[in-house]
Amino acid sequence: MLHVVLVGIGGCFGAISRFFVSQFIKKKYSFRIPVATLIVNLLGSFLLGIIVSIGLNNKMILFLGTGYMGAFTTFSTLQLESIQLYLSERRWKFYVYNFITYGGGIILAFLGMVIGGGCFSFFSS
């Protein structure tokens, strides 16, 4: 039961954080692609890479990784915005947005793991 509570509390704080970060970005910047969701998801990928590689115990990973970062990042909004770009005949923006999100997310998660110390053994072998 404690695991469920940890994920739930982390998720609550993650969703609130995503809301404030997204609102800040939307007020400050205007781009032709959904940049708020892009930045939130890229930042989340990087931070999750750090979280899983710094040697936290399982309870902290559930709270920060599954709960907080799971709610901070948003796959559903990414999919909705992608579909909207595609259906509105802005297909090149659709491709750019998805390429940056998925490609950048993988790269930033790996970079987060390297910074967190989880991938140094990969480079030394």
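Just so it is clear, the values below take in all heavy atoms, side chains as well, and ignore hydrogens, waters and symmetry mates. Please read these numbers as outputs of a predicted model, since none were measured by experiment.
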Participant: Counting distance only, does the side-chain N/O of Ser53 pair as donor-acceptor with the main-chain N or O of Ile50 below 3.5 Å?
Facilitator: yes
Participant: So with a 6.0 Å cut-off around CZ of Phe24, is the heavy-atom count from everything else above 12?
Facilitator: no
Participant: Heavy atoms only: give me the nearest Arg90-Gln84 pair and the separation to one decimal.
Facilitator: NH2-O, 4.4 Å
Participant: Quick check: is Ile107 connected to Leu47 through a chain of hydrophobic side chains (ILVMFWY, heavy atoms under 4.5 Å apart)?
Facilitator: no
Participant: Please lay out, stage by stage, how Thr74 and Leu78 fare under the test side chain to side chain contact (heavy atoms under 4.5 Å, CB included).
Facilitator: CA-CA 6 Å; Thr74 173; Leu78 163 68; 5.9 Å; no
Participant: Counting N and O atoms only, with roles assigned by atom type, does the side chain of Arg18 sit under 3.5 Å from a partner on the main chain of Ala71, one being a donor and the other an acceptor?
Facilitator: yes
Participant: Can you see which heavy atom on Gly105 is nearest to which on Leu42, and at what distance?
Facilitator: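 Taking Gly105 first and Leu42 second, the nearest heavy atoms are N-CD2, 3.4 Å.
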Participant: Rounded at 0.5 Å granularity, tell me how far OG1 in Thr37 sits from CD in Gln79.
Facilitator: 11.0 Å
Participant: Got Val96 and Ile100 here, is their nearest side-chain heavy-atom distance under 4.5 Å?
Facilitator: yes
Participant: Is it the case that one hydrophobic cluster holds both Val7 and Val52, taking links as side-chain heavy atoms less than 4.5 Å apart, direct or via other members?
Facilitator: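 They do not share one cluster, since no chain of ILVMFWY contacts under 4.5 Å joins Val7 to Val52.
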Participant: Start with the C-alpha gap between Phe72 and Tyr68, add the side-chain angles, then the distance that decides, and say whether side chain to side chain contact (heavy atoms under 4.5 Å, CB included) holds.
Facilitator: CA-CA 6 Å; Phe72 181 73; Tyr68 187 90; 4.3 Å; yes
Participant: Same cluster for Leu87 and Tyr97 if Ile/Leu/Val/Met/Phe/Trp/Tyr side chains link at under 4.5 Å?
Facilitator: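 Yes, Leu87 connects to Tyr97 through the hydrophobic network.
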Participant: Membership question, hydrophobic clusters at under 4.5 Å side-chain separation (ILVMFWY): are Val4 and Leu6 in the same one?
Facilitator: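 In one cluster: no.
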Participant: Quick one: do the Thr73 and Asn41 side chains pair a donor with an acceptor below 3.5 Å?
Facilitator: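 No donor-acceptor contact under 3.5 Å links the two side chains.
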Participant: Is there a path from Phe75 to Phe46 through hydrophobic residues (I, L, V, M, F, W, Y) whose side chains come within less than 4.5 Å of each other?
Facilitator: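 Hydrophobic grouping puts Phe75 with Phe46.
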Participant: I need the Met69 CE to Ser17 OG distance, nearest 0.5 Å.
Facilitator: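 These two atoms lie 9.0 Å from each other.
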Participant: Would you find more than 12 non-hydrogen atoms of other residues, nucleotides or ligands less than 6.0 Å from Asn57 atom CG?
Facilitator: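 Check passes, neighbour count above 12.
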Participant: Say you draw a straight line from CD1 of Ile51 to CD1 of Ile61; how long is it, rounded to the nearest 0.5 Å?
Facilitator: 9.0 Å
Participant: Calculate, to the nearest 0.5 Å, the distance between atoms CG and CZ belonging to Leu56 and Phe63 respectively.
Facilitator: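 Here the interatomic distance stands at 11.5 Å.
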Participant: Can any side-chain N or O of Ser22 pair as donor or acceptor with the backbone N or O of Phe19 at less than 3.5 Å?
Facilitator: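 Absent.
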